[in-house]
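What follows is a short report on a single structure.
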Amino acid sequence: MGARETDRLPAFKYQWGRAGKALLEVVKDTSRSDKVAEMVFSLEGDGLERAFQRFRRTARGQKLLREKPSLLEYLTGNRTRLLRLPKNTFGYAYARYMEEERLDGYGLAEATSSSYREDDPQLKVDADRQWFRDRFRDNHDLWHPLAGYGADELGEAALLAFTYGQSPIFGVAVLAGVAFGFAPLALPNDRWGFQPYMLAAWERGRRAKWLLAEPLEEMLELPLDDVRRRLHIEPPSKAHRGGLYAWSRHWPEVKRSPDMMFLMDRRDT
């Protein structure tokens, strides 16, 4: 049975020890999406519940909760068609990003599922909340090309800041804060430019329309620049005038590029 309009779940208890262990694993291996997910929901508090309450107060949210379409299935099933769209479209940018990064969407879903324990209270939420949690998760890959941030370590950190600007979830803030604090210690060049970059990413997320209540899957055939204008997302060239940051432990130096697609073309050079 779906949640009633008057229902509101109490905040989930913070699991500091578990979150700390997950964070250490992420620091050792930033590709551990399962530990990123565990870190976030260990410190979820009432963040997702507040987002859910906001979502179901919107007309689109009420419609989607009645129908419960799978965003993951839609995006996966349309990947080939999206790759045939004009190269300036949102859909093409998303599909190419997924192809270049060898992602399929199911990996994130599986990583999130594998990070839960049988006694986690998040597993006991009702159907409406579970669908919303899945949709929140599946928006992540759409937001990468929408915001322009890559899947490298700095791109993921910037998207965390952007996401916190959209929906203030404590676990997301902690991860973004770790990146904010430790980036100058890890980056081999351009050490002090990334912190203002993170703040700009957060500001972009805060000032944009609330994306969880927007029909992003209906905008995939539109030009990416038009979608950004419609959603009040500053283009990367305006928000980050020095270019988009990218860095990985596999690359010797921080890279800056005018846009994510250019970066994907040049990141191994």
Side-chain angles (χ1 to χ4, degrees), residues 1-27 32-62 64-66 68 71-72 108-140 143 156-181 198-199 201-214:
M1 180 180 296
R4 298 187 304 275
E5 188 64 27
T6 56
D7 289 344
R8 189 180 186 92
L9 294 182
F12 293 119
K13 183 179 179 180
Y14 290 148
Q15 303 177 60
W16 290 104
R18 185 177 177 186
K21 290 178 182 178
L23 179 59
L24 287 175
E25 293 298 320
V26 174
V27 170
R32 290 292 303 271
S33 297
D34 58 332
K35 293 302 177 182
V36 171
E38 187 170 9
M39 166 75 190
V40 171
F41 73 68
S42 293
L43 300 178
E44 179 182 323
D46 66 346
L48 267 178
E49 178 66 15
R50 284 186 285 111
F52 172 73
Q53 296 291 341
R54 179 181 178 184
F55 180 78
R56 70 175 181 181
R57 287 195 297 268
T58 67
R60 177 167 175 78
Q62 292 168 16
L64 287 172
L65 284 170
R66 289 194 298 270
K68 293 185 175 61
L71 181 59
L72 176 59
L108 182 59
E110 292 169 1
T112 301
S113 297
S114 69
S115 63
Y116 284 115
R117 298 172 181 170
E118 290 184 1
D119 60 343
D120 281 329
Q122 288 92 337
L123 294 177
K124 301 177 177 63
V125 299
D126 57 74
D128 283 1
R129 288 180 171 87
Q130 184 57 58
W131 176 87
F132 177 75
R133 297 174 76 89
D134 291 345
R135 186 172 178 87
F136 192 113
R137 176 200 67 208
D138 298 335
N139 262 272
H140 178 84
W143 290 7
E156 291 289 359
L159 191 62
L160 282 170
F162 180 93
T163 300
Y164 186 71
Q166 281 279 298
S167 294
I169 298 170
F170 184 57
V172 173
V174 171
L175 277 173
V178 169
F180 183 90
M198 285 275 284
L199 291 173
W202 168 78
E203 183 67 12
R204 287 179 84 199
R206 189 183 69 84
R207 295 177 62 177
K209 287 187 176 180
W210 196 48
L211 302 182
L212 291 172
E214 294 294 327

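Here the structure is a predicted model, which is why all the values come from computation and not from measurement.
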Test ring pair (Phe, Tyr, Trp, His ring centres under 6.0 Å) on Phe41 and Tyr116; report intermediate values, then the result. CA-CA 9 Å; Phe41 73 68; Tyr116 284 115; 4.3 Å; yes

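- The number of heavy atoms from other shown groups lying within 6.0 Å of CZ (Arg60) is above 12.
- At least one side-chain heavy atom of His140 sits less than 4.5 Å from a side-chain heavy atom of Glu156.
- Checked against the 6.0 Å centroid criterion, the rings of Phe136 and Phe52 do not qualify as a close aromatic pair.
- Here the straight-line distance linking atom NZ of Lys68 with atom CZ of Arg135 works out to 12.5 Å at 0.5 Å rounding.
- In this structure, OG in Ser42 is found 11.5 Å from CZ in Phe12, a value given to the nearest 0.5 Å.
- Closest heavy-atom contact between Ser167 and Trp210: OG-NE1, 3.1 Å.
- Taking CG of Asp46 as the reference point, atom CD of Gln53 lies at 10.0 Å (rounded to 0.5 Å).
- For the atom pair CG of Asp134 and OG1 of Thr112, the computed distance is 8.5 Å after rounding to the nearest 0.5 Å.
- Environment of NZ in Lys13: sparse, with no more than 12 heavy atoms of neighbouring residues, nucleotides or ligands closer than 6.0 Å.
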Pair Asp7, Arg129 - check side-chain contact (heavy atoms from CB on, under 4.5 Å), show working. CA-CA 11 Å; Asp7 289 344; Arg129 288 180 171 87; 3.9 Å; yes

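- In this structure a side-chain-to-backbone donor-acceptor pair under 3.5 Å is missing from Gln130 to Val125.
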Residues Val174, Val40; criterion side-chain contact (heavy atoms from CB on, under 4.5 Å); working and verdict: CA-CA 8 Å; Val174 171; Val40 171; over 6 Å; no

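- Applying the side-chain contact (heavy atoms from CB on, under 4.5 Å) test between Leu160 and each of Val36, Val178, Val172 identifies Val172 as the sole match.
- For the atom pair Arg56 CZ and Leu64 CG, the distance stands at 14.5 Å (nearest 0.5 Å).
- Taking every heavy atom of both residues into account, Met39 and Ala22 meet most closely at N-CB, 3.9 Å.
- Atom CG of Asp34 and atom CD of Glu25 lie 8.5 Å apart (nearest 0.5 Å).
- Taking all atoms of both residues into account, the shortest heavy-atom contact from Gln122 to Arg133 is CG-NH2, 3.1 Å.
- Arg137 is listed as a side-chain neighbour of Leu108, based on a closest heavy-atom distance under 4.5 Å.
- In terms of heavy atoms, Gln15 sits closest to Asp120 at NE2-OD1, 4.0 Å.
- The two residues Trp16 and Phe170 come nearest to each other via the heavy atoms CH2-CE2, 3.4 Å.
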Applying side-chain contact (heavy atoms from CB on, under 4.5 Å) to Leu175 and Tyr164, what does each step give before you reach the verdict? CA-CA 10 Å; Leu175 277 173; Tyr164 186 71; over 6 Å; no

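- Note on ring orientation: taking the six-membered ring where Trp is involved, the planes of Phe162 and Trp143 are perpendicular (angle over 60°, cut-offs 30° and 60°).
- Scanning all heavy atoms of the two residues, the minimum distance from Ala161 to Ala176 falls at N-CB, 4.2 Å.
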Please walk me through it: do Lys35 and Lys21 pass side-chain contact (heavy atoms from CB on, under 4.5 Å)? CA-CA 9 Å; Lys35 293 302 177 182; Lys21 290 178 182 178; over 6 Å; no

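- Glu203 contributes no side-chain N or O that, together with a main-chain N or O of Met198, makes up a donor-acceptor pair within less than 3.5 Å.
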